[in-house]
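These notes are about the structure you will find just below.
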Amino acid sequence: MLNLVLFGPPGAGKGTQSEKIIASYGLTHLSTGDLFRKHLGEGTALGALAKGFMDQGRLVPDEVVIQMVEDKIATTKDSKGFIFDGFPRTTAQAEALDAMLSKNGMKISGMIALEVPQAILKERILERGKTSGRVDDQEEAKINTRIQVYLDETLPVAAYYERQGKFHQIVGVGKIEEIFDQIAAVIDGY
Ligand code: AMP
């Protein structure tokens with residue numbers, strides 16, 4: 001089983017590369033941002049809870065995110081493995097993920113981090129905001145908050161996997177296909 005964490009700041013291209021990884025390796029996509037947006041669209045209590053945090057570009061509390069991921073893993077049968085996109089975003093989430101996977105006889109194979117300069121991230125997010133309909137993609141102040149939250153709360157997650165010898169970094173600027181080829185080379189080495 002192949003379980004990957006696709007890591008990087010907002011706008012790094014995690015969603016785009018996830019689609020390509022899924023197409024080639026048949027993994028189950030687990031994007032916590034997508035799951036929250038689904039709850040929002042369906043008007044669930046979880047969606048209502050998450051909305052305030054998401055609209056501000058803040059993180060939804062760990063216990064809420066962890067429970068949602070645990071439910072998704074428990075209800076996904078016969079998976080060849082997961083690609084975790086936008087999760088874990090805190091060290092507490094990374095520890096919880098390790099614990100829930102090991103309970104199910106699974107583990108993280110590796111983390112692939114996409115590195116993109118901040119100026120390019122902002123351009124990409126604002127461009128996506130023209131069509132994504134996402135409130136958090138449309139205002140520079142919110143985008144700045146999301147990048148700052150990434151630097152303060154999420155970046156330590158990279159060190160967490162580095163300590164486990166599972167960290168791989170790739171430059172996330174250039175042609176989508178070429179970035180994917182580098183990701184595939186890492187995956188093929190697992
Ligand atoms: P994303 O689509 O990954 O950029 O996530 C959009 C928003 O959903 C984030 O800005 C957070 O408010 C929330 N979110 C998604 N994943 C997480 C997570 N792992 N932990 C906390 N909040 C999250």
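Atoms considered below: every heavy atom in the structure, side chains included; atoms not considered: hydrogens, waters and symmetry mates. None of these values were measured; they are calculated from a predicted model. Counting starts at 1 for both ligands and their atoms, in listed order.
Residue R89 holds the heavy atom nearest to atom 9 (C) of ligand 1 of all those in K14, R89, R146. With atom 2 (O) of ligand 1 as the reference point, the heavy atom nearest to it among R37, K51, M68 is part of R37.
Judged purely by distance below 3.5 Å, without hydrogens or angles, the side chains of E140 and N144 never pair a donor atom with an acceptor atom. A donor and an acceptor atom, one from each side chain of N3 and Y190, are nowhere located under 3.5 Å apart.
Annotation for ligand 1: atoms under 4.0 Å from non-hydrogen atoms of R134 are 1 (P), 2 (O), 4 (O), 6 (C). In the vicinity of R58, heavy-atom distances shorter than 4.0 Å reach the ligand 1 atoms 11 (C), 12 (O).
Counting only heavy atoms of the protein, atom 20 (N) of ligand 1 lies nearest to Q93 NE2, 3.0 Å.
Remark: S102 engages no residue in a side chain to side chain donor-acceptor pair (under 3.5 Å) (not counting sequence neighbours). Remark: Y150 pairs with F7 by the ring pair (Phe, Tyr, Trp, His ring centres under 6.0 Å) rule, at least two apart or across chains.
For the pair K166 and Y161, the cation-pi test (distance below 6.0 Å, angle within 45°) is failed.
Note: an N/O pair closer than 3.5 Å links G86 and ligand 1 by distance alone. For ligand 1, the polar-atom distance check against T32 finds a nitrogen or oxygen pair separated by under 3.5 Å. For ligand 1, the polar-atom distance check finds no N/O of D136 at less than 3.5 Å from any of the ligand's N/O atoms.
Heavy atoms of K142 found under 4.0 angstrom from ligand 1: none, in either backbone or side chain. Counting heavy atoms closer than 4.0 Å to ligand 1, residue V60 contributes atoms from both its backbone and its side chain.
Considering D98, T154, D62 in turn, D62 is the only one that fulfils the side chain to side chain donor-acceptor pair (under 3.5 Å) rule with Q93.
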Next item on the list: Evaluate the criterion side-chain contact (heavy atoms from CB on, under 4.5 Å) for residue pair E115 and I170; output intermediate values, then yes/no.
Entry: CA-CA 6 Å; E115 197 200 351; I170 282 171; over 6 Å; no

